[in-house]
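Written below as C-alpha cells is the structure these notes are about.
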Amino acid sequence: MSLIRSLLSNPLSTDIWSPFGSSTNEISSFASAHVDWKETPEAHVFKADLPGLKKEEVKVEIEEGRVLQISGERSVEKEDKNGKWHRVERGRGKFLRRFWLPENAKVDEVKASMENGVLTVTIPKSEEKKPEVKSIEISG
C-alpha cells in the first residue's frame, strides 16, 4: 500500500499531510486554505481561496494517478525599518491540500485558472459505464 493511499484512505479526505517536514512551524495557519469541491454532471470542480497570491506562487499537481495536490507559499513581507507592526493576522508560509479523486476523474485533462485570488481546478469526468445486462436462456 502506498504512503499516499494509507494517508488518504478516505476518498473524500482533505487532511493536510506535509512533505515539507514534520515541524508544525513549517506549515502556518495559511495551511488551512479553504477549498470547495463541487461535482457537476460533467466535472469535479475545486475552488481554493488564495488571497494575495499570484498564480506563479501556486502549484497544482496530480500524484500517484489520482491525488490532486494544491500547494504553495505566501512569503513573509520584508521588514520595513520605518514602520511598526501592531497586529499580524494574515497567514503566511507553506500550505498543502490533497484530495483523493474518484475513479471517474479524467486526470489527464485537468485545467486550472486563477482569478481575483480564487484558484479553480476543473477535472472532467468520464462517462459512467452502465453495467452490461446479458440475458441467459433457461433450458428445460
Does NZ belonging to Lys47 count more than 12 external heavy atoms closer than 6.0 Å? no
Can you name the nearest heavy-atom pair linking Val110 to Val107, along with the distance? CG2-O, 3.3 Å
How many angstroms lie between atom NZ of Lys94 and atom CD of Glu73, to the nearest 0.5 angstrom? 5.5 Å
Could you measure the distance from the NZ atom of Lys125 to the CD1 atom of Ile123? Nearest 0.5 Å is fine. 12.0 Å
Using a 4.5 Å cut-off on heavy atoms from C-beta on, say whether the side chain of Thr120 contacts that of Thr122. yes
Quick one: CH2 on Trp37 to CG on Leu101, what's the gap to the nearest 0.5 Å? 5.5 Å
Do Leu96 and Gln69 make a side-chain contact, defined as non-hydrogen atoms from C-beta onward lying under 4.5 Å apart? yes
Closest heavy-atom contact between Val35 and Ala48? CG2-CB, 3.8 Å
So, taking the atom named CG in Leu50 and the one named CZ in Arg97, what distance separates them when rounded to the nearest 0.5 Å? 10.5 Å
Steps toward side chain to side chain contact (heavy atoms under 4.5 Å, CB included) verdict (Asp49, Val118): CA-CA 5 Å; Asp49 287 340; Val118 178; 3.8 Å; yes
Audit row: Glu39, Asn104, side chain to side chain contact (heavy atoms under 4.5 Å, CB included) steps and yes/no: CA-CA 11 Å; Glu39 182 175 354; Asn104 67 354; 3.9 Å; yes
Between His44 and Pro124, is any pair of side-chain heavy atoms under 4.5 Å apart? no
With the side chain counted from C-beta on, respond yes when Leu53 and Leu119 share a heavy-atom pair under 4.5 Å apart, and no when they do not. no
When rounded to the nearest 0.5 angstrom, what distance separates CH2 in Trp100 from CZ in Arg66? 5.5 Å
Quick one, Lys38 with Asp36, criterion side chain to side chain contact (heavy atoms under 4.5 Å, CB included). Give me CA distance, side-chain angles, the key distance, then yes/no. CA-CA 6 Å; Lys38 177 182 178 182; Asp36 294 340; over 6 Å; no
Rounded to the nearest 0.5 Å, the CZ atom of Arg98 sits from the CD atom of Glu64 at a distance of 8.0 Å
Angle class for the Phe46/Phe99 ring planes (parallel below 30°, perpendicular above 60°, tilted otherwise)? tilted
Could you go step by step and tell me if Lys54 and Met114 meet the side chain to side chain contact (heavy atoms under 4.5 Å, CB included) rule? CA-CA 8 Å; Lys54 298 175 191 145; Met114 194 152 166; over 6 Å; no
Might you confirm whether atom CD of Glu56 has over 12 heavy atoms from other residues, nucleotides or ligands at distances under 6.0 Å? yes
Just jot down the salt bridge (charged side-chain N to carboxylate O under 4.0 Å, His left out) partners of Lys59, sequence neighbours excluded, or say none. Glu61
